[in-house]
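Written below as structure tokens is the structure these notes are about.
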Amino acid sequence: MAVGRAPYGAALSPDGKQLYSGNLADNTVSVIDVASLKVVATIAGFKQPRQAIVFTRDGKLAYVLNEDLSISKVDRSNQQIVQQLAAKS
């Protein structure tokens, strides 16, 4: 199974069906179906996503930490970033 360039960290969804892998070099997150071990989505628009990927309890959203300490909010129903939360200085 091929994910993006320079994978860095991964997190299993609450239902155990998908694995999210942050890819530093191409600023994406790969979504892998655990049963088939195939990439089912690639989400673009991150800033060197880090290994910190967490999910809401209901599994509808994922939050991904970026290199600049901002957080990208991902809607898992359509696998798209829906909000960028900037780090406060």
- Message: For the aromatic rings, using the six-membered ring if either is Trp, is the centroid distance between Tyr63 and Phe55 under 6.0 Å?
- Response: no

- Message: In the structure I gave you, are the side-chain heavy atoms of Arg5 and Asp26 within less than 4.5 Å of one another anywhere?
- Response: yes

- Would you please test Asp68 and Lys47 for salt bridge (charged side-chain N to carboxylate O under 4.0 Å, His left out) and show each step? CA-CA 7 Å; Asp68 64 358; Lys47 299 171 189 161; 3.5 Å; yes

- Task: Flag the pair Leu61 / Lys73 as yes when at least one side-chain heavy-atom distance between them is below 4.5 Å, and no otherwise.
- Result: yes

- Looking only at heavy atoms, what is the nearest atom pair of Thr28 and Thr42, with distance? CB-CG2, 3.8 Å

- Message: Quick check: do Val29 and Ser21 have side-chain heavy atoms less than 4.5 Å from each other?
- Response: no

- Message: Any heavy-atom pair between the side chains of Asn23 and Val3 that's under 4.5 Å?
- Response: yes

- Would a distance-only check, ignoring hydrogens and angles, find a side-chain to backbone donor-acceptor pair under 3.5 Å from Asn66 to Leu69? no

- Message: Measuring only between side-chain heavy atoms, which start at C-beta, is Gln79 closer than 4.5 Å to Val31?
- Response: yes

- Answer yes or no: is there a donor N or O on one side and an acceptor on the other, between the side chain of Asp75 and the main chain of Val82, under 3.5 Å? no

- Task: Rounded to the nearest 0.5 Å, what's the gap from CG on Leu24 to OH on Tyr8? Could you check?
- Result: 7.0 Å

- Message: Does any part of the side chain of Leu85, heavy atoms only, come nearer than 4.5 Å to the side chain of Gln83, both counted from C-beta?
- Response: yes

- Side chains of Gln18 and Tyr20: closer than 4.5 Å at any heavy-atom pair? yes

- Min side-chain heavy-atom separation Arg57-Pro14 under 4.5 Å: no

